[in-house]
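Reminder, nothing fancy here: chain letters follow the sequence lines and each chain counts from 1. The analysis underlying the following values was restricted to heavy atoms, covering all of them including side chains, and did not include hydrogens, waters or symmetry mates.
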Amino acid sequence: MPPAFDPDGVTASAGSTIVGPVTGWFAVQARDLPWRTPVATPWGVFVSEVMSQQTPVTRVAPAWLAWMDRWPTPDHLAAATPAEVIRAWDRLGYPRRALRLRDAAAVIRDNFGGQVPRKYDELITLPGVGDYTAAAVAAFAFDERVVVLDTNVRRVLARVIFGLEHPATSSATKLERAVAQELLPSDGPSAAVWSVAIMELGALVCQASSPSCNLCPIRGECAWFAAGRPAQVSRAKRAQKFEGTDRQVRGKLMAVLRASDHPVTAAALRACWSDDFQRDRCLDSLVSDGLVEPLPRGRFRLPH
DNA sequence: AAAACGTGGCG
DNA sequence: TCGCCAAGTTT
C-alpha cells in the first residue's frame with residue numbers, strides 16, 4: 001500500500017530549508033550542559049543519556065557531575081555495589097535504570113575492553129539501552145549517521161511536517177522514521193549536530209505545552225503554525241496516575257532504604273504504607289528487581 | 001502491545 | 001490544587 005504521502009517529496013524541500021536555520025539557532029541558543037563540553041567522554045555521554053530517560057535534564061546535570069567524578073569510567077562503575085549506585089542515583093527516578101547502567105558498565109568491561117562501543121548495533125545490545133539511547137550515543141559520542149528520534153524530535157516533526165500539535169501515536173511510526181531519515185544530513189558529524197539541534201529546539205522552543213513560536217527559527221516552514229496552530233483532535237493517551245499506585249509505594253520504600261546505612265526492619269518499612277498487602281507486594285517486586293536485598297529476621301537493605 | 005516503572009517542577 | 005510532562009526501556 002502507498003504511504004499517505006511521499007516523504008522524499010516533502011523532506012527534500014524541507015530538509016534544505018530547515019536544517020540550516022535549526023543548526024544556526026542551536027549554535028547560538030544551545031544550553032551548555034556539562035556533557036556537551038569538549039572534555040566529555042563517550043562514557044559521559046552514555047551516562048547522560050541513561051540519566052535523561054524520562055528525567056528532565058535540568059535535574060540530571062548536577063547528578064551527572066557527581067556521578068562522573070565518582071565513576072569516571074565504565075570500569076569504575078562496574079566495580080561499585082548496587083547499594084552505592086542506587087544511593088548515588090538518589091531521586092532521579094526509576095532506580096532500575098541505575099542498576100542497568102551498572103550492568104551495562106560490566107558488559108562494557110567484559111565484552112568491549114572497557115571502551116563504550118561505537119556502533120548503534122553494539123550499543124543497543126547493552127542493558128537499559130533502547131533505540132533512542134543507542135542512536136544518541138552513536139551520534140553524539142561517535143558521529144555515526146543515525147536517526148535520533150526522541151519525544152522532542154517527534155513533536156517538532158509532527159508540527160513542522162505533519163501539521164499536528166502532537167504525534168498521533170505513542171511510539172514512532174515507519175513514516176516518521178522515513179521522514180527523519182530523509183532530513184538527516186549526509187555526513188555523520190553534520191547529522192549529529194542536526195540531531196542535537198532539533199532535540200534542543202523541541203526542548204526549549206517547540207515545547208509540548210505553550211510553544212514559543214515567536215522564537216522559532218523555522219516557524220515560516222511549519223505546517224502547524226501555517227494552519228493556525230490547531231488543537232489536536234485525538235492524541236496518544238498517556239495514562240499517568242501515580243497516587244496510590246505501586247510506583248508510589250516502591251518509591252517510598254526505596255527512600256527509606258536509601259536513607260539508612262543499616263538494614264531496615266519490617267516495622268520501619270511498615271511505617272511508609274499502611275496497606276500490608278500492597279506494601280508486601282511492592283517489597284517483593286523490589287527484591288525481584290534486585291533493588292532490595294532481604295536479610296534474615298525480617299530485615300532489608302540495598303543490595304551489597 | 002499495552003502497562004509498568006519515580007520524581008518533581010510548573011502553569 | 002492538580003493535571004501535564006520530562007533526551008525511554010522492558011516485559
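Note: A:W43 CH2 to A:S48 OG = 11.0 Å, rounded to the nearest 0.5 Å. Rounding to the nearest 0.5 Å gives a distance of 6.0 Å between CD of A:E176 and CG of A:L149. Considering CD of A:E49 and CG of A:L123, their distance stands at 11.0 Å, rounded to 0.5 Å. The distance from the NE2 atom of A:H166 to the CH2 atom of A:W224 is 7.0 Å, given to the nearest 0.5 Å.
The listed nucleotides are B:dG6, C:dC5, C:dA7; the one nearest the side chain of A:N152 is C:dA7. Residue A:R250 places its side chain closer to B:dG6 than to any other of C:dT10, B:dG6, C:dG8. When distances run from any side-chain atom of A:R91 to the nucleotides C:dT10, B:dG8, C:dG8, the shortest one goes to B:dG8.
One interatomic measurement links the two molecules: CG of A:L201 to P of C:dA7, which rounds to 12 Å at whole-angstrom precision. Atom P of nucleotide C:dG8 and atom CD of A:E176 are separated by 14 Å, given to the nearest angstrom. What separates CG of A:D103 from P of C:dT9 is a distance of 16 Å, to the nearest Å. Rounded to whole Å, the distance from CG on A:L291 to P on B:dC5 is 11 Å. Counting to the nearest Å, the P atom of C:dA7 and the CG atom of A:L92 are 14 Å from each other. Atom CZ in A:R155 sits about 12 Å away from atom C1' in C:dC4, given to the nearest Å. Atom CZ in A:F242 sits about 6 Å away from atom P in B:dT7, given to the nearest Å. Note: NZ (A:K252) to P (B:dC5) measures 16 Å, nearest angstrom.
Sorted by first then second residue, the salt bridge (Lys or Arg N to Asp or Glu O under 4.0 Å) pairs that include residues 208-233 of chain A, not counting sequence neighbours, number zero. Every pair tested for ring pair (Phe, Tyr, Trp, His ring centres under 6.0 Å) that includes a residue from residues 240-281 of chain A fails, sequence neighbours excluded, so the list is empty.
If you chain together hydrophobic residues whose side chains sit under 4.5 Å apart, A:V129 and A:W35 fall into the same group. Hydrophobic clustering of Ile, Leu, Val, Met, Phe, Trp and Tyr side chains at less than 4.5 Å, counting indirect connections, keeps A:W89 apart from A:Y94.
The salt bridge (Lys or Arg N to Asp or Glu O under 4.0 Å) check on A:R97 picks up nothing, with sequence neighbours excluded. Take A:L291 and apply the side-chain contact (heavy atoms from CB on, under 4.5 Å) test, not counting sequence neighbours, and it matches A:I86, A:P95, A:R96, A:L99, A:R250, A:M254, A:L286, A:D289. Under the salt bridge (Lys or Arg N to Asp or Glu O under 4.0 Å) criterion, A:R118 pairs with no residue at all, not counting sequence neighbours.
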Less than 3.5 Å apart, which donor and acceptor atoms pair up between the side chains of residues 67-79 of chain A and the rest of the protein, not counting sequence neighbours?
unit_1: A:T73; atom_1: OG1; unit_2: A:D75; atom_2: N; d: 3.4
unit_1: A:T73; atom_1: OG1; unit_2: A:H76; atom_2: N; d: 3.3

For residues 108-116 of chain A, run the donor-acceptor check on the side chains, cut-off 3.5 Å, and write out each pair with its distance to 0.1 Å, sequence neighbours left out.
none

For nucleotides 9-11 of chain B, tabulate all protein N/O to nucleotide N/O atom pairs closer than 3.5 Å, reporting atom names and distance.
none

Please produce a list of atom pairs where a protein N or O lies less than 3.5 Å from an N or O of nucleotides 1-4 of chain B.
none

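Under the 4.0 Å criterion applied to side-chain N and carboxylate O atoms, A:R279 and A:D276 are assigned as salt-bridge partners. One finds no salt bridge joining A:E144 and A:K119 here, because no Lys/Arg side-chain nitrogen approaches an Asp/Glu carboxylate oxygen to under 4.0 Å.
A donor-acceptor pair under 3.5 Å links the side-chain atoms of A:Q232 to the main chain of A:E165, judged by distance alone.
Heavy atoms of A:R154 sit nowhere under 4.0 angstrom from any nucleic acid atom. Base contact: A:W35 has a heavy atom under 4.0 Å from a base atom. Note on A:R36: a base of the nucleic acid sits closer than 4.0 angstrom, heavy atoms only. Here A:L253 lies out of heavy-atom contact (under 4.0 Å) with every strand.
Side-chain atoms of A:L157 and A:I198, non-hydrogen and from C-beta on, do get closer than 4.5 Å to each other.
For the pair A:R97 and C:dA7, the criterion of a side-chain N or O lying under 4.0 Å from OP1 or OP2 is not met.
For the pair A:H166 and A:Y94, both in contact range of DNA chain C, the more 5′-proximal nearest nucleotide belongs to A:H166.
Listed in residue order, the members of residues 263-270 of chain A having a heavy atom less than 4.0 Å from DNA chain C come to none. Within residues 119-138 of chain A, the residues that place at least one heavy atom under 4.0 Å from DNA chain C are, in residue-number order, A:P127, A:G128, A:V129, A:G130, A:D131, A:Y132, A:T133. DNA chain C is contacted by A:E49, A:S52, A:Q53, A:Q54, A:P56 of residues 45-56 of chain A, taking any non-hydrogen atom closer than 4.0 Å.
As rounded to the nearest Å, B:dG8 and C:dT1 have C1' atoms that lie 15 Å from one another. Using P as the reference atom, C:dA7 and B:dA4 are 23 Å apart when rounded to the nearest Å.
By the 6.0 Å contact criterion, CG on A:D32 is open, its count of non-hydrogen atoms from other residues, nucleotides or ligands being 12 or less.
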